[in-house]
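Data block below; observations after.
If you're wondering where the values come from, they're calculated on a predicted model, not measured in any experiment.
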Amino acid sequence: MIAFARRAEPSDVLHHHPKTDLDSLRPPAYDQAVKAAEVSRATARPAAPVLIATKLNAPARRPGLVPRRDLLARLVAERERKLTLVCAPAGWGKSTLLSEWHASPEERRPFAWLSLDAADHDPVRFWSYAISALHLVRPDLGTAPLAALRSAGPDLVDVVVAPLINELDALPEPLVLVLDDYHLVRSEPIHASVAFLLRHLPATLQLAIASRADPPLPLGALRAADQVTEIRAADLRLSEAEAEELLNGSLRLGLDPADVELLRARTEGWAAGMQLAALSARTHENRHAFVDGFVGSDRLIGDYLRELLADQSPPLRDFLLQTSILDRLCPPLCDAVTGRADSAGQLEQVCRANLFLISLDARGEWYRYHHLFRELLQHELMRTAPGLAPGLHRRASAWHSEHGDVDEAIAHATAAGDVADAGELIARHWRPVWSQAQFETVVRWIDALPHDAVVADARLCFARGWAALYLDHPRQSDRWRQLGEQAPLPAPFRDGTTSLQEGAAILQAAVANLGGDAGGAMEAARRALAHNLDESAPSRVVANVHLGLGAYYAGDLTAAEAAFEEALRAPLADEWASVRVAALSNLAAVQVDTGAFERAALTLAETERAIERFRVHESGFACRSWIARGKLLEARGDLAAAAAAYERAVTLARRVGSRLVIAHGLLLRAMLERRRGAHTEARTLAREARRVLADCRDAGIVAELLSRTERALQLTSRTPETTFAAGLELSERELTILRLLASDLSQREIGSELFISLNTVKGHTRSIFRKLGVSNRDDAVARGRELALL
């Protein structure tokens, strides 16, 4: 579907308490259009994707931490290396070390920080956070790459990462980018893009990664070039002096040196294990006996945790267990989850007790538990009160939903087993997230639900279909569309779609257009339009765009022009980036093909203004504007610029998977290269076009163009039924004039369009008649259509 789009700056989407921000995505006329269409809606409004500010803050340094002086000195000394990798299991102090490095007076570079979580495997989400982290450090950095992110598609590296590298290279001073908990990233496109960043990292950036396992990055090459600093569990082990400082300095246990060394030996210097042991030792009168009997294996750490919890007051123990379901904590959220009103005081008590609580901001509003501690708490919650977790998740979901954090609300509803509530949240909020090109996020939400629940809600089936389509899985998308047609509709659509039938038809039209079925797209779009007669309704606008796309490649230029013009007349079209850019781009292509060159040039200028205004220079929706531009340039004799325009059309079309536009651009360039004498390159392009069209059901005029191109390049043994008289072929200028003869322009007007005299037009026309073996204009046009010249 055509996406809602508006340029989003990092400052637009950073919230300490996430808030609903639909207006940043919807055109101003959207709500009025939906209201006019009399679509029922729930009281809560869909929330735009937000970035959680605390993910971009370095964890505050906890009081009582032992400084790692030797490691810090090493990090500062090796600042010229591209990568610092801190790799160790949970509890070894990876994040703490990087946070201490960030706060060290010896390190003067600014740090951009990103704490990753399991939801960050969506490439658009990942780079939205990464670029925003850099933007916080350097406000002049990353604006253009962030604006291009939604349009990047499979060209993430070229469209986003490469320009970002260029901006980084121009920085006057160096900085550090920290990616904490990188082991949670499971996306190959993300790994590939980070690897590209590392291979081309400018001297102004050092990348620091904390991970529980080696990331799939080019570590071997970096080691060979001495460009990586590696700190692993063996390096993170506390020394004897550091253990003494932790146990007897920070935690004030008063242990004998022999007991300190014994505890360090039995935990193998594992900081989290040593701290947990120390907290347990506080409750024993004979601490020497406790240390002597302590077993440091992680298998028995849970036993020490239970002992530690048992020594806490019942209110604090309950608080720790109940809030362990939360990724991030703040007093109001904890109050909502636990049903109490003293969470601020409880959090202060947790801090004073050194119970593995990490502050996430300078104001002391947001916290998280140490990952290992949280995992142990969750395990203990499930052991002691397994029936409590669903209710806790349910209350967390309600709080996050109220505060606009859709991702957390859906995750907690799903964890609670509240499938209906989770489905309703997804149905309400998927489209703004999808329109930001976070297709993987939509897939993650829906695939976490039981399959039976998804196929029982047409809205979820269609949402899953739209996500699959733009992840280049058209067959999968169509299967979801078919499931949606058979599914119940438990509540109205929230995008102005009036019925299940209309929603299914629009998705079918989109699948057909991207998959190469021009006739199928026209038929499905017309069915959608029949279900909604309100020209201002958002869904009708989308259906008209898809009707125009299908009609263009079906060869019905009159229907295509009418559809695009109706879409552009809708009040919301002026503010709806992708609709406006797509409709204008395709209207220009129609105008060129009907010979209205001057109108086409004006429409292209309007398209450029829309692209600039919405900052969608890399959008695939603009691909056909480059087809139109190439034809105009070709008509004016600028073949090099025309070839570049066709190539640009193909590049943009690949980002949205539009097979007909890809093949169209390849074939137009193939014919152009043939005229330039580059026959080998022309044949290569034509063969690629045939591969693209191989599984297209109805390629329309592109199939005709393929046939003509292959005949011209002698790539087929088939003999055309009609040939040029005496084997002569039309010149470039004659082909241009033949296309204009198919329009309503007089010969004098054709001359004006091409900036040539009337006598020159007449001379070319006579040559066209002779070569085609005809004697008048109508027959020339008819013969041109037979030969797929038009």
Which atom names give the shortest non-hydrogen contact between [X] and [Y], and what distance separates them?
| X | Y | answer |
| --- | --- | --- |
| Ala422 | Ile410 | CB-O, 4.4 Å |
| Asp117 | Arg328 | OD2-NH1, 3.9 Å |
| Leu146 | Ser132 | CD2-OG, 4.4 Å |
| Thr441 | Asp122 | N-OD2, 2.8 Å |
| Val454 | Cys461 | O-SG, 3.4 Å |
| Phe126 | Asp120 | CB-O, 3.7 Å |

Do [X] and [Y] have side chains that approach each other closer than 4.5 Å (heavy atoms only, starting at C-beta)?
| X | Y | value |
| --- | --- | --- |
| Glu612 | Arg609 | no |
| Val542 | Pro538 | no |
| Arg464 | Leu460 | no |
| Arg540 | Glu566 | yes |
| Val661 | Tyr552 | no |
| Glu167 | Pro145 | yes |
| Val442 | Phe439 | no |
| Asn544 | Leu547 | yes |

Indicate yes or no for a side-chain donor-acceptor contact from [X] to the backbone of [Y] under 3.5 Å, with no hydrogens or angles considered.
| X | Y | value |
| --- | --- | --- |
| Tyr129 | Ile52 | yes |
| Asp421 | Ala413 | no |
| Ser619 | Val616 | no |
| Ser128 | Val124 | yes |
| Arg655 | Gly153 | no |
| Ser397 | Ala409 | yes |
| Thr594 | Val590 | yes |
| Ser743 | Arg739 | no |
| Asp155 | Asp158 | no |
| His400 | Asp405 | no |

More than 12 foreign heavy atoms under 6.0 Å from [atom1] of [X]: is that the case here?
| X | atom1 | answer |
| --- | --- | --- |
| Glu565 | CD | yes |
| Arg475 | CZ | no |
| Asp140 | CG | yes |

| request: Taking salt bridge (Lys or Arg N to Asp or Glu O under 4.0 Å) as the test, write out the residues that go with Arg629, two or more places apart. | output: Glu608
| With a 3.5 Å cut-off and no angle check, do the side chains of Asp361 and Thr54 form a donor-acceptor pair? | no
| Check: Trp113/Ser115 side-chain N/O donor and acceptor closer than 3.5 Å | yes
Side-chain ion pair, [X] and [Y], N-O less than 4.0 Å:
| X | Y | value |
| --- | --- | --- |
| Asp457 | Arg459 | yes |
| Arg613 | Glu575 | yes |
| Arg669 | Glu634 | no |
| Arg659 | Asp472 | yes |

| request: Measure the acute angle between the ring planes of Phe462 and Phe493, then classify it against the limits of 30° and 60° as parallel, tilted or perpendicular. | output: parallel
| Are Tyr553 and His664 close enough that their ring centers fall under 6.0 Å? | yes
| message | Enumerate the salt bridge (charged side-chain N to carboxylate O under 4.0 Å, His left out) contacts for residues 432-443, please, sequence neighbours excluded, ordered by first and then second residue. | response | none
| task | Run the numbers on Glu618 and Arg150 for salt bridge (Lys or Arg N to Asp or Glu O under 4.0 Å), then give the verdict. | result | CA-CA 9 Å; Glu618 300 296 331; Arg150 281 189 319 227; over 6 Å; no
| request: Any chance you could measure Ile701, atom CD1, to Asp698, atom CG, to the nearest 0.5 Å? | output: 11.0 Å
| remark: Across all chains, not counting sequence neighbours, the side-chain contact (heavy atoms from CB on, under 4.5 Å) partners of Ser499 are Gln501, Glu502, His531
